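I have a structure here, written as structure tokens, and I will follow up with some questions on it.
In this text the structure is predicted, and so the values were computed from the model without any measurement.
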Amino acid sequence: MTSRSTRKFRKLDVRPVLQKGGSPFPVIMAKVDTLRPAEGLELTAPFMPAPLVELLGSRGFESKMERGDDGSWICWFWKEK
């Protein structure tokens, strides 16, 4: 079993997408769809993405969230095998 601490996380900051008025959901899902078994996603967002946590949870992803020093949210998503 690969734990979160030994997994490689692909980083995605959706704040620029939101600042331009875009929707981050397609960008996030495109990144999720490219994850390999030993990879996870480290997502930075200006708010806690509760609907995304629920959606990815229903697809088997574990998650952890922390508040960043600048007020943003850093969220990690990964699958345990």
Phe9 versus Lys11: any side-chain heavy-atom pair under 4.5 Å? no
Quick one: closest heavy-atom pair of Met65 and Cys75, and the distance? CG-SG, 3.4 Å
Connected via hydrophobic side-chain network under 4.5 Å: Val14 and Val32: yes
Got a sec, which residues hit salt bridge (charged side-chain N to carboxylate O under 4.0 Å, His left out) with Asp33, two or more places apart in sequence or on another chain? none
In chain order, what residues pass the side-chain hydrogen bond (donor to acceptor under 3.5 Å, both in side chains) check against Ser72, with sequence neighbours excluded? Asp70
What I want to find out is whether Lys64 reaches Glu62 closely enough, with some N-O distance under 4.0 Å, to be called a salt bridge. no
Heavy-atom pair of closest approach, residues Gly68 and Ile74: CA-CD1, 4.3 Å
Could you check Thr34 against Arg10 for side-chain contact (heavy atoms from CB on, under 4.5 Å), going step by step and ending with a plain yes or no? CA-CA 10 Å; Thr34 66; Arg10 299 176 88 192; 2.6 Å; yes
Considering only distance and modelled atom types, tabulate donor-acceptor pairs under 3.5 Å from the side chains of residues 39-60, sequence neighbours left out.
{"from": "Glu39", "atom 1": "OE1", "to": "Arg36", "atom 2": "N", "distance (Å)": "2.9"}
{"from": "Glu42", "atom 1": "OE1", "to": "Trp76", "atom 2": "NE1", "distance (Å)": "3.2"}
{"from": "Ser58", "atom 1": "OG", "to": "Leu55", "atom 2": "O", "distance (Å)": "2.6"}

Sub-4.5 Å side-chain heavy-atom contact between Phe61 and Leu35: yes
